[in-house]
There are 2 protein chains.
Amino acid sequence: MRERWLDELAAARPGLDRSSTAARVAGLLREQITDGRLVPGARLPEEDLCRAVKVSRNTMREAFRMLAQERLLVHEFNRGVFVRRVTADALADLYRVRRILECEGVRCAPDAPPEALARLEAAVLDGERAAGAGRWADVGTADIRFHQALAALVGSPRVDEMIRHLLAEMRLVFHEMGSPREFHEPYLARNRRLHDLMARGDLAAAERELRSYLDDAEAQLTKAYRENERL
Amino acid sequence: MRERWLDELAAARPGLDRSSTAARVAGLLREQITDGRLVPGARLPEEDLCRAVKVSRNTMREAFRMLAQERLLVHEFNRGVFVRRVTADALADLYRVRRILECEGVRCAPDAPPEALARLEAAVLDGERAAGAGRWADVGTADIRFHQALAALVGSPRVDEMIRHLLAEMRLVFHEMGSPREFHEPYLARNRRLHDLMARGDLAAAERELRSYLDDAEAQLTKAYRENERL
DNA sequence: AGCGTAGAGATTGTTCAACAATGGAGCAAT
DNA sequence: ATTGCTCCATTGTTGAACAATCTCTACGCT
């Protein structure tokens, strides 16, 4: 192989690449959504946002498209864009795919580079620290980073992107039902156990644990959903 | 349950929903790309296309964005949009994800509805018919439909969408190296064998066959790629 | 010849203003 | 209460304009 460092430079280029204003606007909105300041179901009127961010309608619509593709927004023709409301069906599908990708991550753990495993442990530690300090929102963030690191063990850029979008949607689900504390707390210990099983190399047990973890979380969220739907 | 037929109507709605012109334009371009009339690497100048399709630049750019999100086009800032060239690395990643999704499809076969399995067999038959008639392009189409049906066994809308995009990219790969005949012919029999193994219920053997199938196809394409790269 | 520079021309990025098309709210009539 | 109608706000789409950036050519230098 010739000039490996050239490839590394080429790979780092898009990071330094200046982004279009639409992308930056999309970033702003994404932040508002994942932080929960824009609640699911909320409508985003073009003109109001244009005035707020001081961009033209075209670029705003461009930003909308991006976020719609990420499934954070839904675009209803001739009606406008809304923050996505994840239905119970979509939630089930979300977990179906999470099971596939994250379990594959567990199976790939032996072949994964050490940094990838280190990120996994870092996420566990971050979660534990945040819980100790009572920062429950950060516990949620660490949990998401944990599962992201899990899927990243596959070592596939595509899988990375999929799981990133998936977990961004999970944030929508969390915001739609509030109460970060009760929900995230019990999963802290399970993240830790899962990580330890993998570190020990017991992949079969790790996969079982992960499956049961996801089953429980899905059941809990689905139950909460059904109750919410009564409103 | 009350008013079941209402839900069915609601489910059928998006089909009748008229689409934006941007979406239709994107459809046109998508067809040109997957049919190979637009070769990978080709540049798509905004104004030329606007004049050809008689839409404004804004809507054309909107169409571009959709296809860029599907990875059929790449959008280089201040340089324009191009038909995607799949690199060797991207090809490897493509197969990595195909292995994950399609193998999962095999494992889900027992729980899949009969229609889904029927579509699988239909794709096999279509391929065999097309091969008998010497329509090699159609053989390729049937092959893609076969693998799409395979992943569809998972029964997940998300997986369906992923595999659809993945296989659309595979078309790009095929077009970049031409010669549909030699490439698709040997896989006809393997599709048939794979289907029969699954119909017989021997999932373990089916998964082994699928993995070897994908390994061989990837190796063959990668080899062709390395040779092409010398140009 | 090889290399860096400068400027012209072309293409893209972004904005703006306008009009058509559509959806939703209110109101009248039955 | 439901239907049919009108009016208004919002979105869909267009076309033109200007700024920013790239590409290419020509030029001058060593």
Side-chain angles (χ1 to χ4, degrees), chain A residues 9-10 13-30 32-33 38-39 41-69 71-85, chain B residues 2-3 6 9-10 12-30 33 38-69 71-85:
Chain A
L9 267 189
R13 170 191 175 181
L16 242 79
D17 205 325
R18 75 217 156 264
S19 53
S20 72
T21 53
R24 272 170 304 188
V25 172
L28 282 181
L29 291 180
R30 190 179 1 245
Q32 299 284 317
I33 296 172
L38 276 172
V39 301
R43 180 150 173 281
L44 306 190
E46 288 185 355
E47 291 194 272
D48 298 358
L49 292 184
C50 290
R51 234 175 303 117
V53 192
K54 300 249 209 299
V55 297
S56 88
R57 277 180 66 205
N58 288 321
T59 48
M60 183 56 72
R61 286 161 71 78
E62 196 157 327
F64 283 164
R65 290 271 175 209
M66 297 183 184
L67 296 172
Q69 205 65 25
R71 303 189 213 241
L72 293 183
L73 299 181
V74 290
H75 187 146
E76 299 188 20
F77 196 82
N78 271 323
R79 279 186 26 94
V81 297
F82 305 80
V83 180
R84 172 116 182 273
R85 299 199 73 161
Chain B
R2 43 176 189 181
E3 316 299 358
L6 254 176
L9 265 191
R13 169 190 175 185
L16 241 80
D17 204 327
R18 71 206 162 278
S19 52
S20 73
T21 54
R24 274 170 300 186
V25 172
L28 283 182
L29 292 180
R30 190 181 356 241
I33 295 172
L38 276 171
V39 300
R43 182 152 172 278
L44 306 191
E46 288 186 357
E47 291 194 273
D48 297 359
L49 292 184
C50 289
R51 234 176 303 118
V53 191
K54 300 249 209 302
V55 297
S56 88
R57 275 181 66 205
N58 287 321
T59 52
M60 182 57 72
R61 286 160 69 74
E62 205 156 314
F64 282 165
R65 258 168 262 134
M66 298 182 182
L67 296 172
Q69 214 63 19
R71 303 190 214 238
L72 293 183
L73 298 181
V74 290
H75 187 148
E76 299 187 20
F77 197 82
N78 270 322
R79 282 187 24 92
V81 297
F82 305 80
V83 179
R84 172 119 183 272
R85 300 198 70 161

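Below, each value reflects all heavy atoms present in this structure, side chains not excepted, and no hydrogens, waters or symmetry copies. Numbered from 1 within each chain, the chains take letters A, B, ... in sequence-line order.
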Trainee: Is any side-chain heavy atom of B/V81 less than 4.5 Å from a side-chain heavy atom of B/V74?
Mentor: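 Answer no - side chains too far apart.
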Trainee: Does some side-chain heavy atom of B/Q69 sit less than 4.5 Å from a side-chain heavy atom of B/M66?
Mentor: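 Counting from C-beta outward, B/M66 and B/Q69 never come under 4.5 Å.
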Trainee: Find out whether B/L44 and B/L38 are in side-chain contact, i.e. whether some heavy atom of one side chain is under 4.5 Å from a heavy atom of the other.
Mentor: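 SC-SC contact between B/L44 and B/L38 confirmed.
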Trainee: B/V53 versus B/L29: any side-chain heavy-atom pair under 4.5 Å?
Mentor: no
Trainee: Could you run down nucleotides 9-16 of chain D 5' to 3' and tag each one B, S or - for protein heavy-atom contact under 4.0 Å?
Mentor: -SBBBBB-
Trainee: Given the rule in the side chain to side chain contact (heavy atoms under 4.5 Å, CB included) test, do B/L72 and B/R84 qualify, once you have shown the distances and angles that lead to the verdict?
Mentor: CA-CA 5 Å; B/L72 293 183; B/R84 172 119 183 272; 5.8 Å; no
